[in-house]
Amino acid sequence: QVHLVESGGGVVQAGGSLRISCAASGRSFRNHALGWFRQAPGKDREFTAAIRWNGGDTSYADSVKGRFTISRDTANNMVYLQMNSLKPEDTAVYYCAAGSGIIRSSMSSGSQYTYWGQGTQVTVSS
């Protein structure tokens, strides 16, 4: 059974940095994409960043390009999201997701992901 467990959320001041993590287990993630999505109160879930397990190709939402960096540690089945220059509008619950066979152009689509974590809260204070 696949488990995705997020950690590292918290409260940070605007302009600060935070790194959140996702521990993935239960299967091999070869040929998978691992993504981060976020959902703010009263808003729809939105794509944030994704990375291919094989090769490390990445994709980012325009709103986080240049500020956030997604990475993975294939030896330890971990995915990270380094968030810099945080803004109050980055406040959300951040979810880790995994899906197989996702082509690059579809990495931002939540419907392509099969497995989801429970989320970790990130709050950016102004």
Side-chain angles (χ1 to χ4, degrees):
Q1 187 172 359
V2 173
H3 289 284
L4 302 174
V5 180
E6 302 94 337
S7 62
V11 180
V12 62
Q13 286 191 330
S17 297
L18 199 64
R19 188 179 80 160
I20 56 178
S21 304
C22 173
S25 63
R27 65 165 297 149
S28 168
F29 291 94
R30 293 174 62 186
N31 301 317
H32 278 63
L34 277 291
W36 287 99
F37 291 77
R38 66 186 183 184
Q39 187 166 22
K43 294 188 176 182
D44 292 335
R45 182 184 65 197
E46 64 176 11
F47 169 72
T48 305
I51 188 167
R52 287 188 179 280
W53 202 254
N54 300 352
D57 294 353
T58 59
S59 177
Y60 294 93
D62 288 343
S63 59
V64 306
K65 277 181 184 176
R67 300 189 299 124
F68 290 13
T69 302
I70 188 170
S71 61
R72 86 268 190 252
D73 178 350
T74 56
N76 293 297
N77 275 15
M78 296 291 295
V79 180
Y80 304 100
L81 187 67
Q82 176 68 43
M83 303 181 290
N84 298 329
S85 302
L86 281 161
K87 305 175 182 179
E89 51 264 43
D90 294 318
T91 294
V93 177
Y94 284 72
Y95 297 93
C96 180
S100 65
I102 303 175
I103 61 175
R104 181 172 174 78
S105 61
S106 296
M107 288 171 73
S108 63
S109 174
S111 64
Q112 297 293 311
Y113 294 80
T114 304
Y115 308 107
W116 293 83
Q118 293 301 306
T120 186
Q121 176 71 46
V122 172
T123 302
V124 184
S125 61
S126 57

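In what follows, residues are counted from 1 in the order of the sequence shown. These numbers come from the heavy atoms of this one structure, side chains and all, not from hydrogens, waters or symmetry mates.
- The distance from the CG atom of L34 to the CD1 atom of I51 is 8.0 Å, given to the nearest 0.5 Å.
- Minimum interatomic distance between K65 and D62 (heavy atoms only, all atoms of both residues): NZ-OD1, 3.2 Å.
- Taking the side chain as every heavy atom from C-beta outward, W53 and V79 approach each other to under 4.5 Å.
- Taking 4.5 Å as the limit, some side-chain heavy atom of M83 sits within range of a side-chain heavy atom of I20.
- With rounding to the nearest 0.5 angstrom, the CD atom of Q39 is 7.0 Å from the CG atom of D44.
- Panel note: side chain T91, backbone V124; a donor-acceptor pair is recorded below 3.5 Å.
- Note on residues 39-97: pairs passing disulfide (SG to SG under 2.5 Å), not counting sequence neighbours, are C22-C96.
- Other cluster members for M107: F37, F47, V93, Y95, I102, Y113, W116, joined by side-chain heavy-atom distances under 4.5 Å among Ile, Leu, Val, Met, Phe, Trp and Tyr.
- Judged purely by atom type and a 3.5 angstrom limit, Q13 has no side-chain atom pairing as donor or acceptor with the backbone of S125.
- When all heavy atoms of Y60 and T69 are compared, the pair lying nearest together is OH-CA, 3.3 Å.
- F29 places none of its side-chain heavy atoms less than 4.5 Å from the side chain of R72.
- Nearest heavy-atom pair, M78 versus S21, reported as atom, atom and distance to 0.1 Å: CE-CB, 3.8 Å.
- The two residues A92 and A40 make their nearest non-hydrogen contact at CB-N, 3.8 Å.
- Around CD of Q118, the count of heavy atoms belonging to other residues, nucleotides or ligands within 6.0 Å does not exceed 12.
- In this structure, the side chains of V122 and R38 stay at 4.5 Å or more apart for every pair of heavy atoms.
- Salt bridge annotation for K87-D90: absent, with no cationic side-chain nitrogen under 4.0 angstrom from a carboxylate oxygen.
- Atom-to-atom distance recorded for Q1:CD and S25:OG is 9.0 Å, nearest 0.5 angstrom.
- Residues that satisfy the side-chain hydrogen bond (donor to acceptor under 3.5 Å, both in side chains) test with N84, not counting sequence neighbours, are S17, Q82.
- Pairing each heavy atom of A24 with each of L4, the nearest pair is CB-CD2, 3.6 Å.
- Residue L86 holds its CG atom at 10.5 Å from OG1 of T123, rounded to the nearest 0.5 Å.
- Counting all heavy atoms, side chain and backbone alike, S63 lies closest to R67 at O-NH2, 2.9 Å.
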